[in-house]
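To start, the structure itself, in structure tokens.
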Amino acid sequence: MTDKSDKNRYKDTVLLPKTDFPMKAGLQQREPELQKKWAETRLYERIRAARKGAPAWVLHDGPPYANGDAHTGTGMNKTLKDMVVKFRTMQGFDSPYVPGWDCHGLPIEHNVLKDLGGKKPDNMTSVKLRELCLDYANSYVDKQRAQFKTVGVLGRWEHPYLTTSPVYEANVLRVFADLFSRGFITRAKRPVHWSWAAQSALAEAELEYEDRTDPSVFVRFPVSSCGKDCKFREHVEELDNAGDIWDTLALLIWTTTPWTLPANVAVAASTDAEYVLVAYKRATSERLEHMVLAGALLKTVSEKAKLREVRVLKTFLGADLKGVGYSHPFLETACPVVFADYVTLSDGTGLVHTAPGHGKEDFETGKREKLPVVCPIDEAGKFFTGERLRKELQLAPTFEDSRGWLAMLEGQNVLKANPLIVEKLRAEGWLLHDEPVHHSYPHCWRTHQPVIFRVTEQWFIKIDHVDPDKAFNPEGKTLRQRLLDEIARTQWFPAWGEKRISAMIENRPDWCISRQRFWGIPIPAFADAQSGELCVDASTLAHVVKLVEQHGSNVWYDDANWPVEKLLPDEVRPKQFKGRKLVKMNDIFDVWFESGSSHRSVMLADPELADKFPANMYLEGDDQHRGWFQVSLILSVATQGKSPFKQCLTSAFVVDENGEKGSKSKGNIWAIDKGCADLGADLIRYYFASVNTSEPIPVTYSLIQAAGEGYRKLRNTFRALVGNLFDFDPVKDAVAYDRLLPLDRWALSQTARVISEVTAAWERYEFHTAMRALNEFANVTLSSQYIDVCKDRLYCEAATSLSRRSAQTGYWVIADVLTRLLTPVLVHSVEDMWQHLPREAGGPESPHLAAWPKAEGRVDAALDARFELFFKLKAECDRVLDRMRKDKQIGKGYDAMVALAPDESMAKQLADLGQATALTAELAEVLNVSGVAIQSGGEGFEDAATLKGLSLRVDVCNRPACARCYRRTGNVGSITRHATLCGRCAEVVGERA
RNA sequence: GCGCCGGUAGCUCAGCUGGUUAGAGCACACGCCUGAUAAGCGUGAGGUCGGCGGUUCGAGUCCGCCCCGGCGCACCA
């Protein structure tokens with residue numbers, strides 16, 4: 001009988017792996033099928049039911065904006081949330097996931113208006129416009145919902161929260177009412193960031209700094225008066241040609257916003273800085289002129305303006321300028337020099353153009369110095385016209401626009417006015433120098449147009465207000481301090497988030513919560529039609545809240561059905577307003593106020609969540625430190641007395657392969673459902689779980705495809721495990737832990753270590769650390785070590801032998817653990833893995849209903865050390881074997897045998913690990929060779945490279961190979977019936993062949 | 001300008017409180033197996049650990065300065 005025919009003869013007696021679990025996942029096809037099944041079998045609801053009564057763990061969803069596609073960034077965010085929820089669910093918590101959408105706001109209104117030709121048609125009612133906006137928002141809710149589902153995110157998709165629902169709106173108003181009654185709300189005239197393009201005030205979080213180029217101008221403001229006791233007067237009078245000096249004397253100011261010059265009402269100087277009175281000639285003129293500026297800046301200015309014959313006539317302190325007045329260079333109004341501590345000598349001239357209508361600091365200075373507030377700019381960023389402009393500029397009645405300044409400015413957009421003003425200043429000789437300056441400047445986050453500062457009357461939340469309610473605020477702290485206290489009590493992941501948001505809270509100004517748009521929740525305030533007096537109190541607010549809860553916020557805009565008299569009948573009005581004609585005020589809430597109220601509208605109002613406030617976690621991109629986290633914190637601490645979340649997890653932004661932020665216009669961002677269709681949701685999820693999300697995350701098809709290697713390795717490792725369980729029924733065949741072979745117990749010990757490591761990483765939300773551990777486990781511990789060594793036992797030992805059942809028990813436990821540890825990430829693949837896993841009857845039908853594995857005290861340090869040594873030996877042996885393979889001496893490991901020569905210490909170490917015969921047999925198995933002998937060394941031995949006290953020799957094994965197991969054990973043919981088999985195989989085969 | 005984070009093999013990253021010859025995966029090269037097979041196993045090459053200086057018996061690890069990248073704050077007039 002030839003070897004070949006023997007091979008055929010015994011082939012069927014070898015227990016080769018067998019499984020239907022496909023090597024190729026076919027995710028693109030399989031995932032939609034599974035999602036359909038989840039929906040049909042109501043998997044989410046079943047999970048909820050299974051956890052009913054368990055301790056709650058709530059991740060409260062931050063609402064994405066209902067506009068555009070769900071792209072990689074939002075997709076990643078939802079994936080991370082889903083992973084956390086599934087992890088907590090498997091840990092046994094009741095972890096509902098209620099998704100929501102942010103449906104109001106400018107971007108939606110903007111897009112709707114765009115379709116209407118850029119602005120609301122005159123014949124269209126506000127109600128109609130709002131209807132269009134609602135339709136628009138709802139259509140994107142539907143679209144994004146479908147997109148998020150393709151990523152495999154489970155949740156209460158059929159009942160999400162929407163910021164447009166009447167209940168949500170009413171609770172936003174309740175937050176406002178609470179703030180109002182606690183004294184946090186004020187309506188005041190202050191300078192705010194104003195987007196003229198969006199025609200609305202903007203909050204800090206709605207600004208983006210972008211680079212732009214502006215004109216930097218140095219302008220002469222002619223000195224026109226000087227008080228009697230003015231020191232500066234004395235300085236000038238001491239000079240010879242005082243008369244000439246007065247005639248040509250100016251204060252030199254600097255600005256990069258020439259359009260604010262018409263609103264100039266003062267020049268601010270520093271009291272302590274040194275100023276100089278200078279004589280000079282301009283580059284192109286022989287006329288001698290005089291000016292005042294900070295001494296430290298004279299050199300720079302002279303050089304820039306190319307001044308000639310510059311002479312310092314006098315040096316004095318800024319304080320000496322007290323009492324100096326100037327005439328506005330083109331409005332001819334009389335203005336003073338004032339002092340401010342923010343005047344620095346780093347740029348400009350040390351004399352600061354001050355326009356309280358257009359700057360925060362200027363406004364404060366103006367308030368202190370009782371300066372007029374001039375703001376001649378309308379909502380659209382254009383100069384007022386006609387009488388309104390003259391009035392706002394507070395011009396003298398006698399002022400005649402003979403030089404044409406007003407005519408030039410009227411109706412002009414501020415940015416377009418810049419060059420006009422510069423040119424006219426130049427033409428009239430006021431301009432000493434100009435040059436373009438590149439700087440970053442705040443822009444409107446939606447329109448990307450530069451914003452301006454504009455004084456308007458707005459609603460604010462006072463961040464430094466002290467809530468007098470002792471129950472809430474026993475120590476009488478400011479809201480700002482209470483926010484900082486709550487931040488310190490919250491767990492931040494990564495930890496630096498705490499510093500970041502603390503710094504923001506420490507520095508932030510009061511929050512301007514009013515916007516002048518249509519698409520939002522109205523600020524429910526009334527005013528007397530005649531006097532403008534505000535009509536708001538607890539009673540009016542409560543009344544409107546009720547109406548909004550019943551009918552939605554459209555009641556505010558539906559003048560036909562809800563005239564003021566009906567909206568606010570006399571019985572709910574404060575006494576002094578009964579019977580008076582009132583008007584509804586037109587402001588709406590900043591959308592951040594809405595989303596920031598979700599703790600109230602959702603966590604405290606949704607029947608499923610109401611008893612679970614505060615949420616365990618908020619999880620968003622790290623830009624939300626200044627966005628949702630901050631506004632949620634402010635509103636919750638002010639009205640509930642505590643933070644709405646216990647943990648706050650952030651991820652960095654999605655970028656492309658060049659590290660650039662994703663944006664639709666760049667085309668480096670794609671809809672998440674398309675990615676899932678092309679690549680597979682599990683692969684995308686695997687990628688998100690594998691990267692460090694605390695640093696910018698590159699997301700491209702090629703990177704995700706490259707991550708497929710890791711995914712496939714996990715999949716194939718699992719496949720190898722279950723392939724060997726085709727005849728294994730855990731109920732009947734599982735071997736008790738104590739009877740398992742050492743290698744199998746070692747594998748379980750390693751598994752227990754991985755469970756601990758992975759669990760710890762998940763508890764820190766370091767998903768990539770967990771995935772790394774799992775990959776290494778699959779690649780090294782399982783694939784290269786455990787599975788490789790177990791092959792002979794599983795394929796060749798008798799089917800029901802202890803040694804084979806022992807290995808199968810190990811495989812079964814590990815396959816089960818692997819599936820569970822991967823469940824939060826590979827939500828689809830694990831369903832198929834679960835189906836191929838032998839399971840006890842009556843257990844969970846889906847891994848999503850299963851429990852997170854526990855390490856269960858199976859770590860065995862002695863076994864770990866034993867096999868660590870064995871595998872080191874294997875590495876030594878492999879090195880030699882490889883050399884012999886390259887020399888064509890051997891092929892497989894069974895063609896060789898190994899002789900080990902330990903020194904005294906190593907010999908003792910080995911002796912401790914087992915009796916010689918058993919030990920060498922075990923080593924032969926681990927090393928995958930035909931035999932191992934322990935000798936005293938001699939010719940042909942070489943020292944091990946990484947093990948001290950050991951030398952080894954590998955020899956070609958010439959003994960015949962067993963036709964069935966390929967091993968050259970030396971007892972082939974010992975049983976006549978099976979002349980080509982080794983003793984073990986002959987016994988196993990017995991009468992069967 | 002201030003602050004935070006990062007700079008380790010071609011790529012993606014591990015390297016805890018300083019301690020033998022700096023690790024893993026991918027990719028690459030070479031080889032084995034053909035009984036995990038559009039798989040599996042092995043071996044190998046590849047690193048002045050951003051630069052300079054310091055502390056120390058010893059520094060990828062601690063300190064200082066500098067360079068590069070990212071982010072945040074502020075850039076005001």
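Computed from a predicted model, the values in this text were never measured in an experiment. Convention: sequence-line order gives letters A, B, ...; per-chain numbering from 1.
Evaluation of atom-type donor-acceptor distances gives no pair under 3.5 Å for the side chain of A/T257 against the base of B/rA77. Contact annotation: side chain of A/D882 to base of B/rG42, donor-acceptor pair present below 3.5 Å.
Ring planes of A/H358 and A/W259: perpendicular class, angle over 60° (limits at 30 and 60°). Aromatic ring orientation, A/F221 versus A/H353: perpendicular (interplanar angle above 60°, classes split at 30° and 60°). Ring geometry for A/F629 against A/W492 counts as perpendicular: the plane angle is over 60°, on a 0 to 90° scale with 30° as the lower cut. Using cut-offs of 30° and 60° for the angle between ring planes, the A/Y686 and A/Y711 rings count as perpendicular. Ring planes of A/H433 and A/F218: tilted class, angle from 30 to 60°. Between A/H836 and A/F21, the ring planes are perpendicular. Angles over 60° get that label, and only those under 30° would be called parallel.
Across all strands shown, A/R964 has heavy atoms under 4.0 Å from base atoms, whether or not it also approaches the sugar-phosphate. Note on A/K892: only backbone sugar-phosphate atoms sit closer than 4.0 angstrom, heavy atoms only; bases stay farther off. In this structure, A/G359 reaches neither bases nor backbone, as no heavy-atom distance under 4.0 Å exists between it and the strands shown.
Proximity of a side-chain donor or acceptor of A/D434 to a complementary backbone N or O of A/V217 within less than 3.5 Å is not detected.
A donor-acceptor contact under 3.5 angstrom links the side chains of A/Q630 and A/R508, judged on distance only. For the 3.5 Å distance criterion, the side chains of A/T13 and A/R964 qualify, holding a donor opposite an acceptor.
Checked for salt-bridge contact, A/E364 and A/K367 miss the test: no charged N lies under 4.0 Å from a carboxylate O. In this structure, A/K886 pairs ionically with A/D882, as a charged nitrogen and a carboxylate oxygen lie closer than 4.0 Å.
Considering only side-chain N and O atoms, A/S784 lies nowhere under 4.0 angstrom from the phosphate OP1 or OP2 of B/rG40. Contact check, A/Y894 against B/rC33: no side-chain N or O comes under 4.0 Å of OP1 or OP2. When the side-chain nitrogen and oxygen atoms of A/K888 are compared with OP1 and OP2 of B/rC32, one or more of them lie within a distance under 4.0 Å. Between A/R719 and B/rU37, a side-chain N or O to OP1/OP2 separation shorter than 4.0 Å is present. A/R626 has a side-chain polar atom (N or O) that falls below the 4.0 Å cut-off from OP1 or OP2 of B/rC73. A sub-4.0 Å separation between OP1 or OP2 of B/rA36 and a side-chain N or O of A/K791 is present.
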Annotated protein contacts, base or backbone, on nucleotides 20-28 of chain B with a non-hydrogen cut-off under 4.0 Å, one of B, S, - each: -B--B-SS-
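If you find the closest nucleotide of RNA chain B to A/A778 and to A/R500, the one lying nearer the 5' end belongs to A/A778. Judged by closest nucleotide on RNA chain B, A/T717 is the one of A/T717 and A/Q785 placed further toward the 5' end.
Taking atom P in both B/rU8 and B/rA45, the straight-line distance is 22 Å, to the nearest Å. Here the separation of B/rC57 from B/rC62, taken at their C1' atoms, is 16 Å to the nearest Å. The gap from the P atom of B/rG64 to that of B/rC2 amounts to 15 Å, rounded to the nearest Å. Rounded to whole Å, the C1' atom of B/rC63 lies 7 Å from the corresponding atom of B/rU55. Only the C1' atoms considered, B/rG51 is 23 Å distant from B/rG46, to the nearest whole Å. Taking the C1' atoms as reference points, B/rA36 lies 48 Å from B/rC4, given to the whole Å. Remark: the separation of the P atoms in B/rG60 and B/rC52 is 12 Å, to the nearest Å. Between B/rG31 and B/rC71, the distance separating the two C1' atoms is 48 Å to the nearest Å.
Summarising the geometry, the separation between CG on A/N775 and C1' on B/rU12 is reported as 12 Å, rounded to the nearest angstrom. Rounded to whole Å, atom C1' of B/rC71 lies 11 Å from atom CZ of A/F653. When rounded to the nearest whole Å, the span between CD of A/E695 and C1' of B/rG70 equals 8 Å. Regarding A/D792, its CG atom lies at a distance of 18 Å from the P atom of B/rC33, rounded to whole Å. At whole-Å resolution of the value, CZ in A/R883 and C1' in B/rG44 are 13 Å apart. Taking atom CD1 on A/I505 and atom C1' on B/rG72, their separation rounds to 15 Å, with Å as the unit. Taking atom CG of residue A/D878 and atom P of nucleotide B/rC32, one finds them 15 Å apart after rounding to whole Å. If you measure from atom CG of A/L261 to atom P of B/rA77, you get 11 Å, rounded to the nearest angstrom.
Comparing B/rA77, B/rU37, B/rC32 by their nearest atom to the side chain of A/H353 picks out B/rA77. Distances from the side chain of A/M504 to the nucleotides B/rG72, B/rA77, B/rA36 place B/rG72 closest. When distances run from any side-chain atom of A/Y966 to the nucleotides B/rG42, B/rC41, B/rG35, the shortest one goes to B/rG35. Of all nucleotides listed (B/rA39, B/rC73, B/rG35), B/rA39 comes nearest to the side chain of A/N716. Candidate nucleotides B/rG70, B/rG40, B/rG42 were compared by shortest atom distance to the side chain of A/R885, and B/rG42 ranks first. Side chain of A/K11, nearest nucleotide from B/rA39, B/rA14, B/rG35: B/rG35. Side chain of A/E361, nearest nucleotide from B/rC76, B/rU37, B/rC4: B/rC76. Distance from the side chain of A/W496 is smallest for B/rC4 among the nucleotides B/rA36, B/rG72, B/rC4. Of the candidate nucleotides B/rA38, B/rG44, B/rG31, B/rG31 has the atom lying nearest to any side-chain atom of A/K886. Of the listed nucleotides (B/rA14, B/rU37, B/rA77), B/rA77 has the atom at the smallest distance from the side chain of A/T256.
A centroid separation of 6.0 Å or more is found between the aromatic rings of A/Y966 and A/Y894.
With a cut-off of 3.5 Å on both pairing distances, the Watson-Crick and G-U wobble pairs of RNA chain B assemble into stems of 3 or more at B:1-7 with B:67-73, B:10-13 with B:23-26, B:28-32 with B:40-44, B:50-54 with B:62-66.
With sequence neighbours left out, the ring-ring contact (aromatic ring centres under 6.0 Å, His included) criterion links A/W511 to A/F593.
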